[in-house]
**Student:** 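I have a structure here, written as structure tokens, and I will follow up with some questions on it.
The structure presented is a predicted model; accordingly, all values stated were derived computationally and were not measured.
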Amino acid sequence: MADIGILGGTFDPIHKAHLALGRQAYEQFHLDAVWFMPSNHPPHKKDHPVTAGEIRREMVSLAVRGIPGFVCSDFELRREGNTYTAKTLSLLSKEFPGDRFYFIIGADSLYEIESWYHPEMVMALAVLLVAVRPYEQDHPSLEQQICRLREKYGARIHKLHFHEMEVSSEEIRKAAADGRPIDDWVPSPVVQYITARGLYRNAKACKEE
């Protein structure tokens, strides 16, 4: 049996904070692997265009290449329709029945998880690793939410001690659109890929029209 972390997201683009979060989960919980899994049609990202899945997969593949334990997974990209975590975990549990899955999320998602598609399935099929900032470690409301979800759903929840980097994919897209450097936030191979393809430059053109 393998212990596998799942770090999902749009990854538009993937950045160094994603890699740092995956590394923390990998080391803190002695995982066998962390699968970086670009989403296909995220139901919560309908307010702006999302880069084609194949391009996002290539960026993730470049970012994790050569890093022990890190894997780029196209499991969700190969599926049709909206990407729901419950469906993904259900399919994973059937395809890899001998493995145990750890779903990596931020503290904000822990407060929103009951609004997800079949949250009871998510909490039944995976251990939740929740990335919390230092000041959130003993925050009463976070502890209350963890305890409540444990009692209501039998959820297996553990804190992931993560010193969050101040960066977001949205900020990176804006910087790239403006022609500003993104090297501090994005792995070098991904920077080269974005530059060579002129990714996100169209965002600037759209704003100027």
**Student:** Tell me if a side-chain donor or acceptor on Ser109 pairs with a main-chain N or O of Ile105 at a distance below 3.5 Å.
**Tutor:**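 No, Ser109 side chain to Ile105 backbone: no donor-acceptor pair under 3.5 Å.
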
**Student:** Measure the spacing between CD1 of Ile113 and CD of Gln145 and express it to the nearest 0.5 Å.
**Tutor:**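 Going from the CD1 atom of Ile113 to the CD atom of Gln145 covers 8.5 Å.
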
**Student:** Spell out, as yes or no, whether a donor-acceptor pair under 3.5 Å connects the side chain of Asp32 to the backbone of Ala2.
**Tutor:**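 A pair under 3.5 Å: no.
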
**Student:** Looking only at heavy atoms, what is the nearest atom pair of Val186 and Lys16, with distance?
**Tutor:**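 Smallest interatomic distance, heavy atoms only, reads O-CE, 3.6 Å.
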
**Student:** Whether the side chain of Arg56 engages the backbone of Pro13 through a donor-acceptor N/O pair (distance < 3.5 Å, no angle test) should be reported.
**Tutor:**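 Absent.
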
**Student:** Can His15 and Ile182 be said to form a side chain to side chain contact (heavy atoms under 4.5 Å, CB included), step by step?
**Tutor:** CA-CA 10 Å; His15 51 67; Ile182 57 175; over 6 Å; no

**Student:** Which heavy atom of Phe162 sits nearest a heavy atom of Ala131, and at what distance?
**Tutor:** CB-CB, 4.1 Å

**Student:** Does the side chain of Thr51 pick up a donor-acceptor pair with the side chain of Asp12 at under 3.5 Å?
**Tutor:**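 Their side chains do contain a donor-acceptor pair, which is all the 3.5 Å distance test asks for.
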
**Student:** In Å, rounded to the nearest 0.5 Å, how long is the span from OG of Ser141 to CZ of Arg148?
**Tutor:** 12.0 Å

**Student:** So, does Thr195 use its side chain to make a donor-acceptor pair with the main chain of Gln192 at under 3.5 Å?
**Tutor:** no

**Student:** Enter the distance from Met123:CE to Thr85:OG1 here, rounded to the nearest 0.5 Å.
**Tutor:** 11.5 Å

**Student:** Determine whether Phe103 and Val127 make a side-chain contact, defined as any pair of heavy atoms from C-beta on separated by less than 4.5 Å.
**Tutor:**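 No, too far: nothing below the 4.5 Å cut-off.
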
**Student:** Please answer whether the main-chain N or O of Lys159 pairs with a side-chain N or O of Gln28 as donor and acceptor at a distance below 3.5 Å.
**Tutor:** yes

**Student:** Can you tell if the side chain of Asn82 reaches within under 4.5 Å of the side chain of Lys87, non-hydrogen atoms only?
**Tutor:** no

**Student:** Heavy-atom distance under 4.5 Å between the side chains of Leu77 and Glu54, does that happen here?
**Tutor:** no

**Student:** Determine, step by step, whether Arg150 and Ile146 satisfy the side chain to side chain contact (heavy atoms under 4.5 Å, CB included) criterion, reporting the C-alpha distance in whole Å, the side-chain angles of both residues, the deciding distance to 0.1 Å, and the verdict.
**Tutor:** CA-CA 6 Å; Arg150 283 173 175 166; Ile146 290 173; 3.4 Å; yes

**Student:** If we only count heavy atoms from C-beta on, is the Ile157 to Val130 side-chain gap below 4.5 Å?
**Tutor:**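 The answer is yes; the side chains approach within 4.5 Å.
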
**Student:** Kindly compute the distance separating CD (Glu171) from CZ (Arg180), expressed to the nearest 0.5 Å.
**Tutor:**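 Reported value, rounded in 0.5 Å steps: 9.0 Å.
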
**Student:** Considering only NZ, NE, NH1 and NH2 on the basic side and carboxylate oxygens on the acidic side, decide whether Glu170 and Arg173 come within less than 4.0 Å.
**Tutor:** no

**Student:** Whether the side chain of Arg57 engages the backbone of Ala52 through a donor-acceptor N/O pair (distance < 3.5 Å, no angle test) should be reported.
**Tutor:** no

**Student:** Verify, without hydrogens or angle tests, whether Tyr111 (side chain) and Leu142 (backbone) share a donor-acceptor contact under 3.5 angstrom.
**Tutor:** yes

**Student:** Which pair of heavy atoms, one from Gly22 and one from Leu7, lies closest together, and at what distance?
**Tutor:** N-CD2, 4.1 Å

**Student:** Mind telling me whether His158 and Phe29 have parallel, tilted or perpendicular rings, with 30° and 60° as the class edges?
**Tutor:**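 Phe29 and His158: tilted rings.
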
**Student:** Can you confirm if the aromatic rings of Phe96 and Trp35 lie within a centre distance of less than 6.0 Å?
**Tutor:**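 For Trp35 and Phe96, the ring centres are under 6.0 Å apart.
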
**Student:** Run the side chain to side chain contact (heavy atoms under 4.5 Å, CB included) check on Leu92 and Ile6 step by step: do they pass?
**Tutor:** CA-CA 10 Å; Leu92 284 171; Ile6 302 293; 4.1 Å; yes

**Student:** Are the side chain of Thr88 and the backbone N or O of Tyr84 linked by a donor-acceptor pair below 3.5 Å?
**Tutor:** yes

**Student:** Drop me the distance from Ile4's CD1 to Met37's CE, to the nearest 0.5 angstrom.
**Tutor:** 9.0 Å

**Student:** Scan residues 118-132 for pairs that pass salt bridge (charged side-chain N to carboxylate O under 4.0 Å, His left out), counting only residues two or more places apart or in two chains.
**Tutor:**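 Sorted pair list comes back empty.
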
**Student:** Looking at side-chain heavy atoms only, is the closest gap between Cys147 and Gln144 below 4.5 Å?
**Tutor:** no

**Student:** Looking at every non-hydrogen atom in both residues, tell me the closest pair between Met1 and Gly98 and how far apart they are.
**Tutor:**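 That closest heavy-atom pairing would be CG-O, 2.7 Å.
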
**Student:** Let's go through Leu91 and Arg79 carefully: what are the C-alpha distance in whole Å and the side-chain angles of both, what is the deciding distance for side chain to side chain contact (heavy atoms under 4.5 Å, CB included) to 0.1 Å, and is it a yes or a no?
**Tutor:** CA-CA 10 Å; Leu91 291 170; Arg79 287 170 43 210; 3.6 Å; yes

**Student:** Quick one: closest heavy-atom pair of Ala25 and Leu160, and the distance?
**Tutor:**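 Smallest interatomic distance, heavy atoms only, reads CA-CD1, 3.5 Å.
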
**Student:** So do the side chains of Val122 and Tyr117 get within less than 4.5 Å of each other, counting heavy atoms only?
**Tutor:**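 No, side chains not in contact.
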
**Student:** Could you tell me whether the side chains of Tyr193 and Glu58 share a donor-acceptor contact shorter than 3.5 Å?
**Tutor:**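 Their side chains do contain a donor-acceptor pair, which is all the 3.5 Å distance test asks for.
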
**Student:** Mind checking the CD1-CZ spacing from Ile55 to Arg197? Nearest 0.5 Å is all I need.
**Tutor:**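 These two atoms lie 5.0 Å from each other.
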
**Student:** Counting only N and O atoms by type, is there a donor-acceptor contact under 3.5 Å from the side chain of Gln24 to the main-chain atoms of Leu21?
**Tutor:**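 No, Gln24 side chain to Leu21 backbone: no donor-acceptor pair under 3.5 Å.
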
**Student:** Between Glu114 and Pro119 (side chain of the first, backbone of the second, donor and acceptor by atom type, cut-off under 3.5 Å), is there such a pair?
**Tutor:** no

**Student:** Please tell me if the side chains of Leu19 and Ile14 come closer than 4.5 Å, counting only heavy atoms from C-beta onward.
**Tutor:**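 Yes, their side chains come closer than 4.5 Å.
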
**Student:** Pair up each side-chain donor or acceptor in residues 64-75 with any protein partner under 3.5 Å, not counting sequence neighbours, and list the distances.
**Tutor:**
| from | atom 1 | to | atom 2 | distance (Å) |
| --- | --- | --- | --- | --- |
| Ser73 | OG | Phe75 | N | 3.2 |
| Asp74 | OD1 | Arg78 | NE | 2.9 |

**Student:** Identify the heavy atoms of His18 and Ser169 that sit nearest to each other, and give their distance.
**Tutor:** CE1-OG, 3.9 Å

**Student:** Any side-chain heavy atom of Asp3 within less than 4.5 Å of one from His30?
**Tutor:**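 Of all side-chain heavy-atom pairs linking His30 with Asp3, none is under 4.5 Å.
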
